[in-house]
Amino acid sequence: LFYSFFKSLVGKDVVVELKNDLICGTLHSVDQYLNIKLTDISVTDPEKYPHMLSVKNCFIRGSVVRYVQLPADEVDTQLLQDAARKEAMQQKQ
């Protein structure tokens, strides 16, 4: 469910909250393990991570992601709720 949802957001700007920082960028790709590749990245605290100023693309392992903040106007909540209900019904059978 989440994999297909994130695939629909490819090309959108997102904020990924890691265990130690926030990284903003454009979602380039995502895989079934929710590993994320971002392009045009920036960090919220460049003084803490000055080496990240020269980095434009990054790969983030899914296990270190705490949250992914999405643009509100890009999320179709009705479609997401329907998909979650369908998945729950399939698991009951």
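Side chains are part of it too, since the values below use all heavy atoms of this structure and drop only hydrogens, waters and symmetry mates.
- The shortest non-hydrogen separation linking I41 to C58 is CG2-SG, 3.9 Å.
- For N20 against K48, the heavy-atom pair with the smallest separation is O-NZ, 3.9 Å.
- Counting non-hydrogen atoms of other residues, nucleotides and ligands closer than 6.0 Å to OH of Y67 gives a total of 12 or fewer.
- Between V55 and H51 the shortest heavy-atom distance is CG2-O, 3.7 Å.
- Pairs passing the salt bridge (Lys or Arg N to Asp or Glu O under 4.0 Å) check and including a residue from residues 9-24, sequence neighbours excluded, read K12-E74, E17-R66.
- Put simply, V68 and L9 are part of the same group of oily side chains (I, L, V, M, F, W, Y) that touch within less than 4.5 Å, one to the next.
- Under a 3.5 Å cut-off, the side chain of N35 and the backbone N or O of G62 do form a donor-acceptor pair.
- Taking S54 as the reference, nothing meets the side-chain hydrogen bond (donor to acceptor under 3.5 Å, both in side chains) condition, with sequence neighbours excluded.
- The number of heavy atoms from other shown groups lying within 6.0 Å of CD (E47) does not exceed 12.
- Counting only residues at least two apart or in different chains, salt bridge (Lys or Arg N to Asp or Glu O under 4.0 Å) contacts with residues 22-44 are absent.
- Contact annotation: the side chain of V65 never approaches that of L34 to less than 4.5 Å [non-hydrogen atoms, C-beta and beyond].
- When the side chains of ILVMFWY residues are joined at heavy-atom separations under 4.5 Å, either directly or via intervening members, F6 and V15 end up in two distinct hydrophobic clusters.
- Atoms CD1 and CD1, on I36 and I23 in that order, are 10.0 Å from each other to the nearest 0.5 Å.
- You'll find the side chain of K7 reaches within 4.5 Å of the side chain of V30, heavy atoms only.
- Linking ILVMFWY side-chain heavy atoms closer than 4.5 Å, directly or via other members, places V64 and V43 in a single hydrophobic cluster.
- With contacts defined as side-chain heavy-atom distances shorter than 4.5 Å, the pair L27/L38 qualifies.
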